Amino acid sequence: MDRRTFLAAAAAAALAPVAAFAAPERHLLQMGGYPLNAETPLELLTDYLTPNDLFFVRSHWIPRMPDPKTWRLDVNGKQLSLADLRKLPRAEATCVLMCAGNGRALHEPVLPGVQWRYGAVGNARWSGVRVRDVLARAGVGKGAKHLHLFGSDDPPGKVPPFHRSIEMEKALDDCILAFEMNGKPLPLQHGAPLRLVVPGWAGDHWMKWVVRMTSSDEPQKGFFMDTAYRWPLQPGAPGVSFKPEEMKPVTELFVKSNITTAPKQTRKGVIADIRGFAFSGAPDIARVEVSDDGGATWQRALLDNRHAPNAWRLWHLRWTPKRTGRITLLARATDSRGAVQPRSATWNQSGYLYNAWHSVDVEVTA
Ligand SMILES: Nc1nc2c(c(=O)[nH]1)N[C@H]1C(S)=C(S)[C@@H](COP(=O)(O)O)O[C@H]1N2
Ligand SMILES: [Mo]
């Protein structure tokens, strides 16, 4: 056989169907429970729409990429294909996705869990179909109180699966099942082919790799409902642990702003560009203020024009340092319902929803 014939024969062999036996599924064996948890560096969170490849990832287990042709969404036993879903009216929302644990590493004392600092948050345009329309298409009545959601990332053995439910009222109101992110097909690590989008609520509700939904009068049970993602009914303190029944599910995001851009060094009297983002569980941000004197006085930042309900608002301030030395800049946001970002965050045993004033230091010379 000459080289060309050999290559042709090899190509034909590669294309020939192998019928004799079913090859074992080709996949890696996952070691440990955390396939990919990664946050975005804060200084890169400067875009209104966070680029897909920079968007933080939080996965409890390894996802499997389904064959889009055989993939089905099971809704109370009714099977819907991607083509069925695409026939429904399109829905779109630009909103913030933040992990409830974002900022956990900043709580004192140190808390167990993924040590997220600033970047387990992003803002994206999510497109797909309304949960409301999907349920109607599957003939699900509006009576039930909860919607249970299941992803395809079920772990083996005793590792608790990420099974969740959400109140039907929220699901029917503004939730979307998205198959696109920022105008591109939803990436696998963000839940392809279909994920839940829950505007204004923390990331634990945003089920990825959704394959099954059922309606029920009871919330879902299990570790990720009864133990994780709960907020104390009474304020706690370090060392105080509440039982699940003394807590309620984490839902709406707290008002929060971060500084993404500030010079490390500058000179007295020279204008510096200070930038950041702000968001809340409330539909919009009313104002962002910056202080260079420890919170005694505040300067109002300019809000960017781009906004949408529960999207973040970019802001900037032309700031002129009036003295030399190390100056600490603080930022605080106020949302459209009047909630003001607090100086310190509410301590809670899981370190959720950290939203204390963010500060950066600037070295000012003469
Ligand atoms: N099926 C499934 N959905 C999931 C998770 C998961 O582990 N499995 N993680 C949740 C958590 S805790 C967060 S914060 C978001 C993160 O979404 P992202 O990875 O697209 O940023 O997905 C949520 N949806
Ligand atoms: Mo999360």
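Heavy atoms only: backbone and side chains are in, while hydrogens, waters and symmetry mates are out. Remember, it's 1-based here, ligands and their atoms both numbered in the order they're listed. Values in this document were obtained by computation on a predicted structure and should not be read as measured data.
At under 3.5 Å, a nitrogen or oxygen of R58, whether backbone or side chain, sits near a nitrogen or oxygen of ligand 1. On a distance-only criterion, H190 and ligand 1 share at least one N/O pair closer than 3.5 Å. Between V57 and ligand 1, no pair of N/O atoms sits closer than 3.5 Å.
Grouped with V362 in one hydrophobic cluster are V255, I259, I274, I285, V288, V290, L303, W315, L317, W319, I327, L329, V360, V364, the linkage being side-chain heavy-atom contacts under 4.5 Å among Ile, Leu, Val, Met, Phe, Trp and Tyr residues.
A salt bridge links E252 with R337: the closest approach of a Lys/Arg side-chain nitrogen to an acidic carboxylate oxygen falls below 4.0 angstrom.
S291 places a side-chain N or O within donor-acceptor distance of the main-chain N or O of D293, the cut-off being under 3.5 Å.
Shown in contact with M207 at under 4.0 Å from a heavy atom are these atoms of ligand 1, numbered in order with element: 1 (N), 2 (C), 3 (N), 24 (N). Listed by number with element, the atoms of ligand 1 under 4.0 Å from a non-hydrogen atom of S59 are 7 (O). In the vicinity of H60, heavy-atom distances shorter than 4.0 Å reach the ligand 1 atoms 5 (C), 6 (C), 7 (O), 9 (N), 12 (S). For ligand 1 and C99, the ligand atoms under 4.0 Å from any heavy atom of the residue are 14 (S). For ligand 1, the atoms sitting less than 4.0 Å from at least one non-hydrogen atom of W206 are 22 (O), 23 (C), 24 (N), numbered in the order shown with element in parentheses. Heavy-atom proximity to Y229, at under 4.0 Å, picks out these atoms of ligand 1: 12 (S).
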Between D153 and K208, is the salt bridge (Lys or Arg N to Asp or Glu O under 4.0 Å) condition met? List the steps. CA-CA 9 Å; D153 56 335; K208 304 197 271 192; over 6 Å; no

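Other residues, nucleotides and ligands place no more than 12 heavy atoms under 6.0 Å from the CD atom of Q234.
In this structure, atom 21 (O) of ligand 1 lies nearest to the protein heavy atom F56 O, 2.7 Å. Given atom 11 (C) of ligand 1, the protein heavy atom at minimum distance is G203 O, 3.7 Å. Closest protein heavy atom to atom 17 (O) of ligand 1: R195 NH2, 3.1 Å. When only non-hydrogen protein atoms are considered, atom 8 (N) of ligand 1 lies nearest to D153 OD2, 2.7 Å. Annotation: atom 10 (C) of ligand 1 to nearest protein heavy atom, F162 CZ, 3.6 Å. For atom 19 (O) of ligand 1, the nearest non-hydrogen atom of the protein is K208 NZ, 2.5 Å.
Taking the six-membered ring for Trp and thresholds of 30 and 60 degrees, W298 and W357 have ring planes more than 60 degrees apart, a perpendicular arrangement. Under the 30°/60° scheme for interplanar angles, the aromatic rings of F277 and F279 are found to lie parallel.
The side-chain tip of R195 points at the ring of W126 from less than 6.0 angstrom away and within 45° of straight on. Geometrically, R86 engages F179 in a cation-pi contact defined by less than 6.0 Å to the ring centre and at most 45° from the axis.
S280 and K256 share no donor-acceptor pair across their side chains, judged by distance under 3.5 Å alone.
With a heavy-atom cut-off of 4.0 Å, V210 does not touch ligand 1 at all.
Not a single heavy atom of M98 sits under 4.0 Å from any atom of ligand 1.
Residues meeting the salt bridge (Lys or Arg N to Asp or Glu O under 4.0 Å) test with D154, sequence neighbours left out: none.
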